[in-house]
Amino acid sequence: SEDTALLVSGTGNHPVGNSAGSFGAIVISNGFLGVTGNLYVGNSGVGDMWIGEGTAVVAGTISLGVVSNSNGRLTLAGPGADLSGGPRIGVGTGAVGSVYLSNGIWRAASEVRIGDAGEGLMEIAGGTLDVTNANIFIPYGPGTGRLVMTSADSQMFQQGTDIAVQISNGTNGYGEVVVSNGLMDVMEVDIADGRATAGDMYLYNGTCIVRRTGQSTFNIGSAPYSTGRLVVADSRALLVVTNGNGIVLGGQTANSQFSNAYGRLDFDSGTIITRGLRLAYGRDSSAEVVIKDGKLINVTDTGIIVAQGVNSQASLILANPASMIDATNTSVSNPMIVGNSTGAVGQVFVSNGTVKVSRLVVGNYGTGLVRLENQAQVIVTDNIYMPNNVAGGGTGTGLVLLASQDASLVVTSGSLNVGASWAGAKGAGSHLLISNGTLRVRILSVGLASDGLLTVLDGSVQQGSTSGGEGLKIGTSSEGGTGTVVLAHANALINLPSNTLVFGS
């Protein structure tokens, strides 16, 4: 009944299913259970705990599956089920722990470990996990951890400072989160956050909101030699990361020595709203992002960087006609940069779909490649710099290729500079190749402070402005770079009927 109470005193461990081969159970259909120490459900044997409409408060930890070959299970079944205590699920090597929240709420004010050295599973199927001022580890150690959210009423909350959801924290561990429904509202997400770990997260018909305001927010392949992957794969999937550095793949610390991390985002469908997207952030790291029918919206003052770290490699691919990146709300001082650091190689393949950015830098200190094919459309509202930002720095290499008849590159409000434009950048190089498709541009400068090459095959350069003094400028910088324009096919066309063609400084 509601008035029934059981109080278990003492600061030690209270086992349920203590010995190998034994079975113990706690059933709370109503009333109150208070435990001042730790509760072990499945210590060396099998333990089961079930809560219907009652309340249980455990001052210490609630461990499910403690010793090798043990098994602990816990179920919250009714809407009035209320449990407090820090979960440890699958503690020892070979131990198995599982939690099923079909209703009610589990409140935790200390670390949540879904898997430690053993195997841990938590399924939220209409219930709520509410964590305050504590990390959530999936798993904590070298074991396996899995969190699954399956119902529209499933909820997971995390509040506090300097805390995160770490999907595999221990060396050689593996963690997995599946949000097939419900709401995940947390402070930070780190996928593969321990050295040599692996972690995966799948977001389907659910919402994930990440709130931390510090530098790290959503990291995929965070630690050295780790492998992390995020899959967003439903039209109703929503990921919101509008604080910190947004989404970072391949290393959490810029240019940290021996990062060698790998991060991947498979964005099949749905919507991602982020405050930045950084691919291959760490030194010697790598990253891949593939967008199919998804829409990525980048907001505020952090841009998109493809191949951030020294000697890093990264690819950003838009594969389907419905794929989109919209970064037009990002300031021009935080552009999309492809190949940002020394030895970095960044590649953007717009096989289909649309990319809208405020400013595009193809190659800064590294190598950048942007390729447009099929029905690809890239719209730049400010300028394109090949290879470096106009603010200075960088002597990298930039290549932009239009490869299909329907491919379109639009820079009608700004300039496209083929060749570095700052003093001292003589060693930089760049090439704009229009094998097919159309470039619409206001001012096209080929050869500035460094050499630049424009090659037109079965494609065209079309006038993007009627203002006087604009058009095509070849070798017009006093820094002495050479500009070369080659029309190499019978259908090659440069069409500037109302603009100017300028040779030489």
Inset, instruction - Apply the test side-chain contact (heavy atoms from CB on, under 4.5 Å) to residues S259 and D284: give CA-CA distance (whole Å), side-chain angles for both, the deciding distance (0.1 Å), then the verdict. - result: CA-CA 6 Å; S259 177; D284 296 309; 5.9 Å; no
Inset, instruction - For the pair F137 and Y140, name the ring-plane relationship: parallel under 30°, tilted 30 to 60°, perpendicular over 60°. - result: perpendicular
Mind checking whether [X] and [Y] have side chains closer than 4.5 Å, heavy atoms only?
X    : Y    : answer
V178 : L147 : no
V165 : I138 : yes
L487 : H489 : no
V362 : L369 : no
L432 : T455 : no
R236 : Y204 : no
T302 : N334 : no
L501 : I474 : yes

So, does [X] use its side chain to make a donor-acceptor pair with the main chain of [Y] at under 3.5 Å?
X    : Y    : result
Q158 : D130 : no
N135 : A164 : yes
S430 : G398 : no
T412 : G464 : no
R275 : G244 : yes
T484 : L453 : no
S226 : A192 : yes
N169 : P139 : no
Q166 : S168 : no
N260 : P224 : no

Inset, instruction - Start with the C-alpha distance between Q155 and T128, add both sets of side-chain angles, then the distance that settles side chain to side chain donor-acceptor pair (under 3.5 Å), and finish with yes or no. - result: CA-CA 5 Å; Q155 298 182 101; T128 299; 3.3 Å; yes
Measuring from [X]:[atom1] to [Y]:[atom2], what's the distance to the nearest 0.5 Å?
X    : Y    : atom1 : atom2 : value
T367 : N340 : OG1   : CG    : 12.0 Å
I291 : L316 : CD1   : CG    : 5.5 Å
K473 : T500 : NZ    : OG1   : 7.5 Å
I124 : M149 : CD1   : CE    : 4.5 Å
N320 : F267 : CG    : CZ    : 12.0 Å
L433 : R371 : CG    : CZ    : 9.0 Å

Inset, instruction - For atom CD of E111, decide whether the heavy atoms of other residues, nucleotides or ligands shown that lie under 6.0 angstrom number more than 12. - result: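 Enclosed: over 12 neighbouring heavy atoms sit under 6.0 Å from CD of E111.
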Inset, instruction - Would you mind checking if K295 and D326 are paired as a salt bridge, meaning a charged N to carboxylate O distance below 4.0 Å? - result: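 Looking at K295 together with D326, the answer is no, because their closest N to O distance does not fall below 4.0 Å.
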Legend entry - NZ/NE/NH1/NH2 to OD/OE distance under 4.0 Å, R212 and D162: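 A salt bridge links R212 with D162.
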Closest approach of [X] to [Y] (non-hydrogen atoms, all atoms of both residues):
X    : Y    : answer
S285 : G250 : OG-O, 3.2 Å
L277 : L296 : CD2-CD1, 3.9 Å
T381 : S413 : O-CB, 3.3 Å
R211 : D185 : NE-OD1, 2.7 Å
L318 : T354 : CD2-O, 3.6 Å
Y385 : N383 : OH-ND2, 2.9 Å

I'd like to know if the side chain of [X] pairs up with that of [Y] as donor and acceptor (distance under 3.5 Å, no hydrogens or angles considered).
X    : Y    : answer
N374 : S351 : yes
E470 : S465 : yes
Q462 : N495 : yes

Legend entry - side-chain hydrogen bond (donor to acceptor under 3.5 Å, both in side chains), paired with Y174, selected from T144, D200, T197: D200
Inset, instruction - For N298 and T330, run side chain to side chain donor-acceptor pair (under 3.5 Å): C-alpha distance rounded to whole Å, both residues' side-chain angles, the deciding distance at 0.1 Å, then the answer. - result: CA-CA 7 Å; N298 193 77; T330 308; 2.7 Å; yes
Legend entry - Derivation and outcome, side-chain contact (heavy atoms from CB on, under 4.5 Å), residues V418 and L444: CA-CA 8 Å; V418 186; L444 175 58; 4.0 Å; yes
Inset, instruction - Kindly determine whether N388 and N364 satisfy side chain to side chain donor-acceptor pair (under 3.5 Å), including the steps that lead there. - result: CA-CA 4 Å; N388 65 281; N364 189 12; 5.6 Å; no
Inset, instruction - Take M184 and M201 through the test side-chain contact (heavy atoms from CB on, under 4.5 Å) and record every step on the way to the result. - result: CA-CA 12 Å; M184 178 178 176; M201 178 173 173; 3.8 Å; yes
Legend entry - V338 and Q347: CA distance, side-chain angles, deciding distance, side-chain contact (heavy atoms from CB on, under 4.5 Å) verdict: CA-CA 7 Å; V338 186; Q347 302 178 82; 5.8 Å; no
Legend entry - side chain to side chain donor-acceptor pair (under 3.5 Å) between Y262 and R229, worked out: CA-CA 8 Å; Y262 172 74; R229 181 175 63 153; over 6 Å; no
